[in-house]
Each structure stands twice: as C-alpha cells, then as structure tokens.
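The structure appears below as structure tokens.
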Amino acid sequence: DHAFLFHYSPREGTRAFRLEDDVSNALKHERLGRLIAEQQQRALAINSKMIGRTTEVLVESTPKKQPHWLAGKNGQFKTVAFEPAGAQLGQLATVLVEGATSQTLTGREIPA
C-alpha cells in the first residue's frame, strides 16, 4: 500500500558505494517516476476496494483542505478524512468510506 521510493545515490559504507555508478541521473529519475506511478496505481486499486465499507478511525487532526472535517488513521494505517457526526480528536470513529485516492480514504462518520 505504501512505498518509500528514491533514486539511487551512493552511500558511503555500503557495498554498492565501491561500484561504478553507470546509470545516468536522467535514467534514474525516469525509472523512479515509473515506480511511483505503478505504486500509486496499485494503492488506488487497494483503497478503492474499501469504498462502501466501514472502518474504525483514531481521530488525530483536521484536514487542511476540509477544515470542517476530521482525519486520522485506521487499523491498516490508512489516512481517512471524513465528515464528522460528533467525533472529537482522540476518539475512535466509525466511518463509511465513500471515496478513495492512492493515499487517502474519504467518507462520513456513522453515529454510534
């Protein structure tokens, strides 16, 4: 679901540091772009399967783009932004997932 991807750069103290770096920066960046696009496509497919399901969210913050909503992480460590129906920061909220991107689930709180 998540990947921390970077182009190769020499790191002193590693075995690869002693090898010749024979790949151009342009090719490194092109390969990194392909990996990021693939990872985002896979993450979107995984997250889209959550649409229509409920998930429990530990409420942690207010999203910058939606100041009247709340956001937090669910048990799979996915970020969930949602329209609240009474939940407060630090509480658990049950959220019906109504949308997904490669990085975030969105929805609305189901009142207890």
Quiz item: Heavy-atom distance under 4.5 Å between the side chains of Arg31 and Val23, does that happen here?
Solution: yes

Return all side-chain donor-acceptor pairs below 3.5 angstrom for residues 90-102, not counting sequence neighbours, or 'none' if the list is empty.
residue: Gln91; atom: OE1; partner: Gln88; partner atom: N; Å: 2.8
residue: Glu98; atom: OE2; partner: Arg108; partner atom: NE; Å: 2.7
residue: Thr101; atom: OG1; partner: Gln103; partner atom: N; Å: 3.1
residue: Thr101; atom: OG1; partner: Thr104; partner atom: N; Å: 3.0
residue: Thr101; atom: OG1; partner: Thr104; partner atom: O; Å: 3.4

Practice problem: Check salt bridge (Lys or Arg N to Asp or Glu O under 4.0 Å) between Glu56 and all other residues, then give those that pass, not counting sequence neighbours. | Solution: none

Practice problem: Would you please name every residue forming a side chain to side chain contact (heavy atoms under 4.5 Å, CB included) with Arg42, sequence neighbours left out? | Solution: Glu38

Exercise. Measure from the side-chain N and O atoms of Glu109 to the backbone N and O of Ala87, and report whether any donor-acceptor pair falls under 3.5 Å.
Key: yes

Quiz item: Under 3.5 Å, side chain of Gln39 to main-chain N/O of Asp1, donor-acceptor pair present?
Solution: yes

Self-check item: Nearest-0.5 Å distance, OH of residue Tyr8 to CG of residue Asn25
Solution: 11.5 Å

Self-check item: With sequence neighbours excluded, residues passing side-chain hydrogen bond (donor to acceptor under 3.5 Å, both in side chains) with Gln76
Solution: Asn74

Exercise. Kindly compute the distance separating OG1 (Thr79) from CD (Glu60), expressed to the nearest 0.5 Å.
Key: 7.5 Å

Quiz item: Just wondering, do Thr106 and Val80 contact through their side chains at under 4.5 Å, heavy atoms?
Solution: no

Practice problem: Kindly state each residue pair satisfying ring pair (Phe, Tyr, Trp, His ring centres under 6.0 Å) with at least one member in residues 15-68, sequence neighbours excluded. | Solution: His7-His29

Quiz item: Is there a path of hydrophobic side-chain contacts, each under 4.5 Å between heavy atoms of I, L, V, M, F, W or Y residues, that connects Leu89 with Phe82?
Solution: yes

Exercise. Determine whether Glu30 and Leu27 make a side-chain contact, defined as any pair of heavy atoms from C-beta on separated by less than 4.5 Å.
Key: yes

Practice problem: Is it possible for you to say whether Ile110 and Trp69 belong to one hydrophobic cluster, with membership spreading through side-chain heavy-atom contacts below 4.5 Å? | Solution: no

Practice problem: Drop me the distance from Asn47's CG to Gln40's CD, to the nearest 0.5 angstrom. | Solution: 11.5 Å

Practice problem: Return the set of residues passing salt bridge (Lys or Arg N to Asp or Glu O under 4.0 Å) with Lys73 (not counting sequence neighbours), or none when no residue passes. | Solution: none

